[in-house]
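Report on one structure; see the data block that follows.
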Protein chains: 2
Amino acid sequence: MRPASIVDGVHERIYERLMSLEIPPGARLPIDGLARELDVSQTPVREALARLEREGLVRKAHLIGYSAAPQLTHKQFDDLYKFRLMVEPESARQACLNLTPELLHRLELSAADMEKGEQPVDRNSRYSRFARADAQFHEEILKIADNETVRQALTDQHVHLHIFRLMFHSRVTQEALEEHERLLEAFRAGDADAAHAAMHDHIARSRDRLAAAFE
Amino acid sequence: MRPASIVDGVHERIYERLMSLEIPPGARLPIDGLARELDVSQTPVREALARLEREGLVRKAHLIGYSAAPQLTHKQFDDLYKFRLMVEPESARQACLNLTPELLHRLELSAADMEKGEQPVDRNSRYSRFARADAQFHEEILKIADNETVRQALTDQHVHLHIFRLMFHSRVTQEALEEHERLLEAFRAGDADAAHAAMHDHIARSRDRLAAAFE
DNA sequence: AAATGCAATATCATATACGATATGGTCTTG
DNA sequence: CAAGACCATATCGTATATGATATTGCATTT
């Protein structure tokens, strides 16, 4: 039985606060303040913040301190989606080629999670659940594509975290579910080109839906 | 004058030791050992190692410690090049569209650096110089493509570091220079599709040249 | 001789301490 | 009254100390 390290716990708790916008973009993150609040010493807080910095979720200014990363700019948003379009459709194609009935089944389950699931109690938890499920679905496809480098690169960009923060106040549409369904159809048919196209279409539409958040 | 932080210095010095294979893949990296050796306390060493861990250059085992990341496996190598092929040719195309005479000029200079330059004193420094210049050239193109997300994602994969470690004992060919030249020709002509093709070709050939390192 | 248990050592994880620097408000001065 | 100097506080960056855990080697036993 290993005692999970304090650093991991601190990292996770700060991550959640950032994700839930409890710590808003730009807010300061004083080390000893967090240490007192989480009832640990400064050392693990320091290390957790260093990790979050490398992940791009917080920024550090020498002799000034850490602060939560600002919201995505329009350009960063564009860049992020261009990146996804370079990588994810191709990964969907590859996933299609690697697909086994068992893997497909797991993917279907993952997609189903998004539609049903317990009714949310409030706006916040609902969006959170949706974002989590969507991230899970895309993640599943990347795992099937079996390219750890690509998966890591996307994970490092924290696509879904940023998107969640953006869509926090926007509407969750039924469209995304339908697009996922079209992707699944391509997978079921074993049509790699169709999977590529469906993923491309899905991401482009997702981009256009979210672009409204900048108006 | 800025008081460069000790953490930065420690990070850099360890990075160089990893890059130069002075610390071989798999070697242990004891915190207090490094602290004594570099004549600093453990705290900055800890933070530097945490950064290197996020960068994928060292691994950490809870209650055991840090160690240098192992060499790329054949699969990781394949994945890395598949990733590059998804991203860099498209970036070359975009760079071509963004190109101005001034930017092209800088790129030409960058490419020229690779060919001439002072004669190396030994194998090690020669490869190091080549690897650095090659990294610089590709980096320059990504900057022109002006997609910071993509650039960061590639940087995070430490493509050129891994490649250098692989090619440490292999031959540096003239071919790479010729491929860069073909890329430049496409840029000069303003032919985005040709730039895409040339970059694709260059990376695929680079992959095939290095694949020998696994035999 | 091989295996097992135990002690010694190396190393980590965390806590705490302290000097250094930035920031913000107040006070002085022109 | 405005502008600049100065001090107090917050916070960082680094160092050091301490308890906990893993690893290693040796002794003991079978």
Side-chain angles (χ1 to χ4, degrees), chain A residues 1-71, chain B residues 1-18 21-71:
Chain A
M1 195 58 74
R2 64 146 180 272
S5 87
I6 293 187
V7 172
D8 290 341
V10 171
H11 177 272
E12 194 172 340
R13 290 177 70 179
I14 298 177
Y15 185 94
E16 276 169 11
R17 292 188 186 193
L18 291 169
M19 179 76 171
S20 69
L21 293 180
E22 179 186 334
I23 299 174
R28 292 286 299 274
L29 295 171
I31 290 177
D32 59 353
L34 286 168
R36 268 195 296 275
E37 199 169 345
L38 303 178
D39 198 36
V40 296
S41 83
Q42 295 184 14
T43 311
V45 173
R46 225 169 255 296
E47 204 155 321
L49 285 173
R51 272 160 66 173
L52 288 166
E53 186 200 4
R54 272 310 299 174
E55 294 170 32
L57 301 183
V58 306
R59 301 184 177 286
K60 171 173 140 178
H62 188 48
L63 294 178
I64 291 181
Y66 290 94
S67 55
Q71 285 277 30
Chain B
M1 71 167 54
R2 61 144 180 272
S5 88
I6 292 187
V7 172
D8 290 341
V10 171
H11 176 272
E12 193 172 342
R13 290 177 70 177
I14 298 177
Y15 184 95
E16 275 169 11
R17 291 190 188 193
L18 291 168
L21 292 181
E22 180 187 333
I23 298 174
R28 292 285 299 274
L29 295 171
I31 290 176
D32 59 354
L34 285 168
R36 268 194 297 275
E37 199 170 345
L38 302 179
D39 198 36
V40 296
S41 82
Q42 295 182 14
T43 312
V45 173
R46 199 174 280 288
E47 206 156 319
L49 285 174
R51 272 160 66 172
L52 288 165
E53 186 199 4
R54 258 318 285 175
E55 295 170 34
L57 301 183
V58 306
R59 301 183 178 285
K60 172 173 141 180
H62 186 48
L63 294 177
I64 291 181
Y66 290 94
S67 56
Q71 285 277 28

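So you know, we letter chains A, B, ... as the sequences are listed, proteins then strands, and number each from 1.
Atom NZ of A/Lys60 and atom P of C/dT21 are 16 Å apart (whole Å). Here the C1' atom of nucleotide D/dA22 and the OH atom of B/Tyr66 are 17 Å apart, to the nearest Å. Here C/dA15 presents its P atom at 11 Å from CG of A/Leu38, a figure rounded to the nearest Å. Distance A/Gln42 CD to D/dA17 P: 18 Å, rounded to the nearest Å. At whole-Å resolution of the value, CD1 in A/Ile31 and C1' in C/dT21 are 14 Å apart. Counting to the nearest Å, the C1' atom of C/dT21 and the CG atom of A/Leu63 are 5 Å from each other. When the C1' atom of C/dT14 is taken as reference, atom CZ of B/Arg46 falls 8 Å away, rounded to whole Å. Between B/His11 atom NE2 and D/dG13 atom C1' there is a gap of 17 Å when expressed in whole angstrom units.
At least one side-chain nitrogen or oxygen of A/His62 sits closer than 4.0 Å to the OP1 or OP2 atom of D/dG13. For C/dT14, neither phosphate oxygen OP1 nor OP2 lies less than 4.0 angstrom from any side-chain nitrogen or oxygen of A/Ser41.
Among C/dT23, C/dC12, D/dA15, the nucleotide with an atom closest to any side-chain atom of A/Ile64 is C/dT23. Listed nucleotides: C/dT11, D/dA15, D/dG13. Nearest to the side chain of B/Asp32: C/dT11. Taking the side chain of A/Arg28 as heavy atoms from C-beta on, and the options D/dT21, D/dT11, C/dT14, the nearest nucleotide is D/dT11. When the nucleotides C/dC12, C/dT14, D/dT14 are ranked by their closest atom to the side chain of B/Ile6, D/dT14 comes out on top. For B/Pro30, the side-chain atoms get nearest to C/dT11 when compared with the rest of D/dT14, C/dT11, D/dC12.
Across all strands, B/Leu49 comes closer than 4.0 Å to no nucleic acid atom at all (heavy-atom distances). Among the heavy atoms of the strands, none lies under 4.0 Å from B/Leu34. Among the protein residues, A/Glu47 comes within range of no part of the nucleic acid, since none of its heavy atoms lies under 4.0 Å from any strand.
B/Gln42 approaches B/Asp32 most closely through the heavy-atom pair NE2-CB, 3.3 Å.
Counting atom types as modelled, A/Thr43 pairs a side-chain N or O with a base atom of C/dA15 as donor and acceptor under 3.5 Å.
With contacts defined as side-chain heavy-atom distances shorter than 4.5 Å, the pair B/Glu55/B/Leu52 qualifies. Within the 4.5 Å cutoff, the side chain of A/Val58 has heavy atoms near those of the A/Leu18 side chain.
At a threshold of 4.0 Å, the pair A/Arg17-A/Glu37 counts as salt-bridged, since one of the basic side-chain nitrogens sits closer than that to a carboxylate oxygen.
Just one residue in the list A/Arg51, A/Arg54, A/Lys60 forms a salt bridge (Lys or Arg N to Asp or Glu O under 4.0 Å) with B/Glu47, and that residue is A/Lys60.
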